[in-house]
Number of protein chains: 2
Amino acid sequence: MITVIITFMQKLTAQRQAILDLINASNRHWDADEVARALVDTGASIGIATVYRGLSALESQGLIDSIQLADKKRYERADKAHHDHMVCTGCGHIEEFSHDTIEALQEAAAEKKGFKLTGHQLVMFGFCRKCRQELDT
Amino acid sequence: MITVIITFMQKLTAQRQAILDLINASNRHWDADEVARALVDTGASIGIATVYRGLSALESQGLIDSIQLADKKRYERADKAHHDHMVCTGCGHIEEFSHDTIEALQEAAAEKKGFKLTGHQLVMFGFCRKCRQELDT
DNA sequence: AAATGTAATGATAACCGTTATCATTATCGT
DNA sequence: ACGATAATGATAACGGTTATCATTACATTT
Ligand SMILES: [Mn+2]
Ligand SMILES: [Mn+2]
Ligand SMILES: [Zn+2]
Ligand SMILES: [Zn+2]
């Protein structure tokens with residue numbers, strides 16, 4: 001019998017509330033540094049370590065979501081349905097999409113290999129509509 | 001009129017040939033450190049910086065492939081058809097799979113958003129057959 | 001064969017996102 | 001109010017990767 005002790009946030013502190021509010025008020029995908037700068041710009045006082053810890057804590061509560069890109073993690077609101085991402089390598093724009101059939105086929109593919117899925121991440125790279133035009137000119 | 005000068009490898013040096021041979025002789029997904037250690041173990045003399053540069057050069061020639069995982073990049077043989085990956089969070093085992101319908105639907109999803117795709121990466125996380133059993137016991 | 005130009009090598013410093021450390025501060029239950 | 005516990009913030013440390021730079025290996029030209 002193994003007892004696993006999980007420590008949850010004792011409280012949504014002022015700092016964590018500020019992080020959560022910031023992310024919930026936008027549709028962006030924030031990295032830790034952007035969050036820290038945005039909060040400091042509004043006059044809040046928050047250390048970068050607190051931002052990292054706050055983001056982790058909020059995510060483990062399911063209050064925010066994240067995607068792991070090549071270089072860094074980016075966080076976004078959790079009150080949207082599951083979706084995946086297209087990243088424009090030209091301008092960094094992130095487009096969201098969801099496709100039920102793709103999701104179902106992933107599950108089937110996992111089943112065939114004996115995998116018990118816990119998550120997935122599909123990232124597509126390319127050029128957004130705007131950057132495509134600039135390439136043609 | 002913009003001229004882009006691309007410098008290719010002048011030559012497949014002994015070090016890069018050794019990296020390529022090592023990777024081609026296995027079905028593993030190697031990180032840079034594993035490659036370096038494996039080569040040093042066979043008596044070869046190669047610096048870690050050379051391994052990183054060699055892996056990059058070989059990949060840009062299309063001689064090897066890579067996947068970007070959360071913490072590090074992993075390299076594999078390029079003489080297999082395109083495929084995606086399932087990573088076992090229990091033991092690190094990487095299973096490969098390919099699904100033509102998923103690929104086609106991705107292209108369609110990109111088209112709908114105006115994206116010109118250049119690549120994608122689908123990573124599924126979960127527990128492999130072996131680790132599933134150990135969880136149940 | 002010798003000289004020249006260019007690319008690769010290897011040791012190591014630097015970089016960058018992230019996590020660990022630790023003294024201090026805030027918060028919760030009693 | 002008290003004591004226990006968790007969060008904060010400055011900063012050090014970490015891990016993977018890239019940059020620097022003096023040296024070495026090639027290939028091409030004389
Ligand atoms: Mn999103
Ligand atoms: Mn593979
Ligand atoms: Zn773009
Ligand atoms: Zn496993």
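Chain A is the first sequence line, chain B the second, and so forth, proteins listed ahead of strands; every chain is numbered from 1.
- Between B/Gln68 atom CD and C/dG17 atom P there is a gap of 14 Å when expressed in whole angstrom units.
- Checking the phosphate oxygens (OP1, OP2) of C/dA26, no side-chain nitrogen or oxygen of A/Gln15 falls inside 4.0 Å.
- Between A/His82 and A/His120, the gap from one ring centroid to the other is short of 6.0 Å.
- Across all strands, A/Asp33 comes closer than 4.0 Å to no nucleic acid atom at all (heavy-atom distances).
- To the nearest angstrom, C1' of D/dT24 lies 15 Å from CD1 of B/Ile46.
- Considering only side-chain N and O atoms, A/Thr13 lies nowhere under 4.0 angstrom from the phosphate OP1 or OP2 of C/dA26.
- In the set D/dT11, C/dT18, C/dT12, D/dT11 carries the atom at the smallest distance from any side-chain atom of A/Ala49.
- Residue A/Glu34 contributes atom CD, which lies 10 Å from atom P of C/dG17 at whole-angstrom precision.
- A straight line from CZ of B/Arg16 to C1' of C/dG10 spans 13 Å, rounded to a whole angstrom.
- Atom CZ of A/Arg37 and atom C1' of C/dG17 are 13 Å apart (whole Å).
- Spacing between atom CD of A/Gln17 and atom P of D/dT8 amounts to 12 Å, rounded to whole angstrom units.
- Between A/Tyr52 and C/dT18 there is a side-chain polar atom (N or O) within less than 4.0 angstrom of OP1 or OP2.
- A donor and an acceptor atom, one from each side chain of B/His83 and B/Glu103, are nowhere located under 3.5 Å apart.
- In terms of position along DNA chain C, the nucleotide closest to B/Gly47 lies nearer the 5' end than the nucleotide closest to the other residue of the pair A/Arg53 and B/Gly47.
- At whole-Å resolution of the value, CG in B/Asp71 and P in D/dT17 are 8 Å apart.
- For the pair A/Leu12 CG and C/dT27 C1', the interatomic distance rounds to 13 Å; values are reported in whole Å.
- Summarising the geometry, atom CZ belonging to A/Phe97 is positioned 5.0 Å from atom CE belonging to A/Met124; distances are rounded to the nearest 0.5 Å.
- Separating the NE2 atom in B/His99 from the CG atom in B/Asp84 is a distance of 11.0 Å, to the nearest 0.5 Å.
- No engagement by B/Asp31 is indicated, since no non-hydrogen atom pair under 4.0 Å with the nucleic acid exists.
- No side-chain donor from either of B/Gln15 and B/Thr50 sits under 3.5 Å from a side-chain acceptor of the other.
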